Amino acid sequence: MSKNVYLTTAIPYVNGAPHIGHAMDYLLADTYARYQKSLGNNVRFQAGTDEHGNKIFKKAKELNVPVQEYVDTNARKFQDFIKKLGVENTDFIRTSDKEHVRRCQEIWRRLSAHIYKNSYEGWYCEGCERFITEKEVEENGGICPDHQKPYEKLEEENYYLRISDFKAEIAQKIESGEMLVLPDFRKNEVLKLLEDTPDVSISRPTEHLSWGVPVPDDPSQVMYVWVDALANYITVLGYPEQDISDFWPAEVQFVGKDILRFHAIIWPAILLGLGLPLPKVLHSHGHILANGAKMSKSIGNVVDPLEVVERHGLTAFRYYFLRHCDTFLDSDFTWDDFERAYAGELANDLGNLVQRLATLCKKADLSGIKFETPKLDAEYKKLMDEFYSSRAFDVAWSKVQDVNKAIDGTKPWMIAKEGDQEKLEKVLKELVEQLLAANALIAPFLPDTSAKILSIFTAEKILPPEVPLFPKG
RNA sequence: CGCGGGGUAGAGCAGCCUGGUAGCUCGUUUGGCUCAUAACCAAAAGGUCGUUGGUUCAAAUCCAACCCCCGCAACCA
């Protein structure tokens, strides 16, 4: 019985190059998507780009290119990036799409009962073209460090979304698990934040923000990020003019821990305002640290994901970030660890295993064997269903290691020496089946490798690959 | 007194909710094997479970106080 499964990833802001954090979103979602597909489910998998706002507008002006051209170029970079990661998304939405813009305006109209206009007064920097928090003003002594100009008090009109209309319902749905916030320890954090969340400003006057979705029926205002960006998850499905109930509510929405709050508070408020159900699961992953520190351009410890892919290929990249980086906690990346994982685990555990078992089969002239279809391990399935994919991957890997143990335990080369062909074939068949079972567990994580292994052992004649799966040195 | 997470073998983590001989992966040491990418398998060493006090027959686990680290604001998931 196949069911529809919709999953989403956060849409990155296209003012920079794709980095490792974006990759985590995609990899986790892709792994889950492949897992669902292997269960026979019908998966719809959204990805996209967030393309409005001042930063992008200014950047384009700096580069002296039309804004649309600038975002087109950058959106393409992200699309290429996704392809390079082997991610099988079914949809790609860009917030500058005409259809998206039109749908956002319709969504705004439908939310109008919960939107009100109010004036906002705060410290503003002419150079930065943005409001500065009270705290920041204090820290900088009232003068913008970037522009050497004093902040000004400024008042402007904004539209606000009345979060307070929905707080109780959101809290109830988070508490009850109707919208499951993962990992568990983030749940309290989010509930606390929710209590203190004021109504949120969702527009800017055009003189402060021009590159965005115009607020319907008010040419003086442009939508500020929230409705525009968050709505992508449903506009991509064709909301509001299409019936999206086949795929909405989403099975799971993948976000980084830094943007969980928006997805757990503002996004549900929008959905409730539209009379739509909330996503079943909000999945927030940890961040990747570099040598124990937060990656940052100013420190200069940013790890370029494409450089990592280049080192030992995509499989090694997926392997490292899906297994050694905890799904929910922050994890450290170092090149040493990465090298160790490649040589010590991919090459020695799995690559070598394929090599030795295929060689044993070849020497025994094993052919024409019907292998049984493997069943999913229960512990693995449980972890995958709980979205703890790094742990599920651990389980899968332990099954790989079990095959190495089993080969040492059964010693097929001894049986071959004794000349008992019947026993040898039986033993090898069982070993291959054990490997194929482990291989099936690996498939969502390392699809290419898994496919190669399957083709090696289900071929007419089993032969070791001419080039090892994971060459060393 | 802002909110939250954490401090368990050299490293990364589990165990804590529902107290009862301290566990996993990697690394280290030793032994075995030879089918295999000098790969694989087995065994061993290594911990006063942040500190102090309390509850208890019994505390990594429950309670209290304290110390330290990291997020919540910024180019950044």
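Per chain, numbering begins at 1; letters A, B, ... match sequence-line order. These numbers come from a predicted model, not from an experiment.
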**Q** Quantified in whole Å, what is the C1' atom distance between nucleotide B:rU28 and nucleotide B:rG47?
**A** 16 Å
**Q** In whole angstrom, give the distance that lies between atom CG of A:L289 and atom C1' of B:rC76.
**A** 12 Å
**Q** Identify, with sequence neighbours excluded, every residue that meets side-chain hydrogen bond (donor to acceptor under 3.5 Å, both in side chains) alongside A:H312.
**A** A:E339
**Q** Could you tell me whether A:G21 contacts a base, only the sugar-phosphate backbone, or nothing, with contacts defined as non-hydrogen atoms closer than 4.0 Å?
**A** base
**Q** Strictly by Watson-Crick or wobble contacts shorter than 3.5 Å, is anything paired with B:rC33, and which nucleotide is it?
**A** none
**Q** Does the gap between the ring centers of A:H22 and A:F81 come in under 6.0 Å?
**A** no
**Q** Taking any heavy-atom pair under 4.0 Å as a contact, classify A:Q401: base, sugar-phosphate, or nothing.
**A** sugar-phosphate
**Q** Heavy atoms only, 4.0 Å cut-off, all strands: where does A:D25 land among base, sugar-phosphate and nothing?
**A** nothing
**Q** Between A:D385 and A:Y35, does the side chain to side chain contact (heavy atoms under 4.5 Å, CB included) criterion hold? Intermediate values first, please.
**A** CA-CA 9 Å; A:D385 290 340; A:Y35 170 66; 2.9 Å; yes
**Q** Pick base, sugar-phosphate or nothing for A:A347, based on heavy-atom distances below 4.0 Å to the nucleic acid.
**A** base
**Q** Of the options B:rU25, B:rC75, B:rU37, whose atoms approach the side-chain atoms of A:N15 most closely?
**A** B:rC75
**Q** If you look at every strand shown and take non-hydrogen atoms under 4.0 Å, does A:K472 touch a base, only sugar-phosphate, or nothing?
**A** base
**Q** Once you apply a heavy-atom cut-off of 4.0 Å, does A:P468 come out as touching a base, just sugar-phosphate, or nothing?
**A** base
**Q** Does this structure show an ion pair linking A:D80 with A:R76, if we count only N-O contacts that are shorter than 4.0 Å?
**A** no
**Q** Suppose we screen for salt bridge (Lys or Arg N to Asp or Glu O under 4.0 Å). Which residues come up paired with A:D394, at least two apart in sequence or across chains?
**A** A:R323
**Q** If the sugar-phosphate is the primed atoms plus P, OP1 and OP2 and the base is the rest, what is the B/S/- string for nucleotides 1-15 of chain B, using protein heavy atoms under 4.0 Å?
**A** ---S---------S-
**Q** At under 4.0 Å between heavy atoms, what does A:D332 touch on the DNA or RNA strands: base, sugar-phosphate, or nothing?
**A** nothing
**Q** Identify whether any heavy atom of A:G409 sits under 4.0 Å from a base atom; if not, whether one sits that close to sugar-phosphate; answer base, sugar-phosphate or nothing.
**A** nothing
**Q** Would you kindly give the CD1-to-P distance between A:I259 and B:rG71, to the nearest whole Å?
**A** 19 Å
**Q** Calculate the interatomic distance between A:R323 atom CZ and B:rC24 atom C1'; express it in whole Å.
**A** 11 Å
**Q** Only pairs with both distances under 3.5 Å count, Watson-Crick or wobble alike; so what is the partner of B:rA64 in this structure?
**A** B:rU52
**Q** Can you tell me, in whole Å, how much space there is between the C1' of B:rC72 and that of B:rG27?
**A** 35 Å
**Q** For A:Y32 and A:F45, I'd like to know if the aromatic rings sit close, meaning centre-to-centre distance below 6.0 Å.
**A** no
**Q** With a cut-off of less than 4.0 Å, is there a side-chain N or O of A:K294 near OP1 or OP2 of B:rC70?
**A** no
**Q** Please state the P separation for the pair B:rU61 and B:rC70 - nearest whole angstrom.
**A** 25 Å
**Q** Need the pair for B:rA44. Rule: Watson-Crick or G-U wobble, both distances under 3.5 Å, any strand; none if unpaired.
**A** B:rU28
**Q** Sequence neighbours left out, what passes side chain to side chain contact (heavy atoms under 4.5 Å, CB included) with A:E155? Give chain and number order.
**A** A:S119, A:E121
**Q** Assess the pair A:Y233 and A:H263: is the distance between their ring centroids shorter than 6.0 Å?
**A** yes
**Q** What's the CG-P distance between A:L350 and B:rC40, to the nearest Å?
**A** 12 Å
**Q** Indicate, with a heavy-atom threshold strictly under 4.0 Å, whether A:K55 touches base, sugar-phosphate, or nothing.
**A** sugar-phosphate
**Q** Are A:H283 and A:F328 near enough that their ring centres are under 6.0 Å apart?
**A** yes
**Q** May I ask you to check whether A:Q253 and A:T8 show a side-chain donor-acceptor distance below 3.5 Å?
**A** yes
**Q** Give the rounded distance in Å between these two atoms: CD1 of A:I288 and P of B:rC76.
**A** 18 Å
**Q** Distance between the C1' atoms of B:rG23 and B:rU8, in whole angstroms?
**A** 10 Å
**Q** Just checking A:Y26 against A:F254, ring centres under 6.0 Å apart?
**A** no
**Q** What is the distance, rounded to the nearest whole Å, between atom CE of A:M295 and atom C1' of B:rC75?
**A** 14 Å
**Q** Atom CG of A:L431 and atom C1' of B:rC40: how far apart are they, to the nearest Å?
**A** 13 Å
**Q** Check every strand shown and say whether A:F470 touches a base, only sugar-phosphate, or nothing at a heavy-atom separation below 4.0 Å.
**A** base
**Q** Between P on B:rA39 and CG on A:L469, what's the gap in Å once rounded to a whole number?
**A** 17 Å
**Q** Protein within reach of the bases, or only the backbone? For nucleotides 28-36 of chain B, mark each nucleotide 5' to 3' as B, S or -, using heavy atoms under 4.0 Å.
**A** ----BSSBB
**Q** Write down the partner of B:rG2 under the Watson-Crick or G-U wobble criteria, each distance required to be under 3.5 Å.
**A** B:rC72
**Q** In the strands shown, is B:rU21 matched to any nucleotide by a Watson-Crick or G-U wobble pair with both distances under 3.5 Å, and which?
**A** none
**Q** So A:H22, base contact, sugar-phosphate only, or nothing? Heavy-atom distance under 4.0 Å.
**A** sugar-phosphate
**Q** State which residues pass side chain to side chain contact (heavy atoms under 4.5 Å, CB included) with A:E422; sequence neighbours excluded, sorted by chain then number.
**A** A:D420
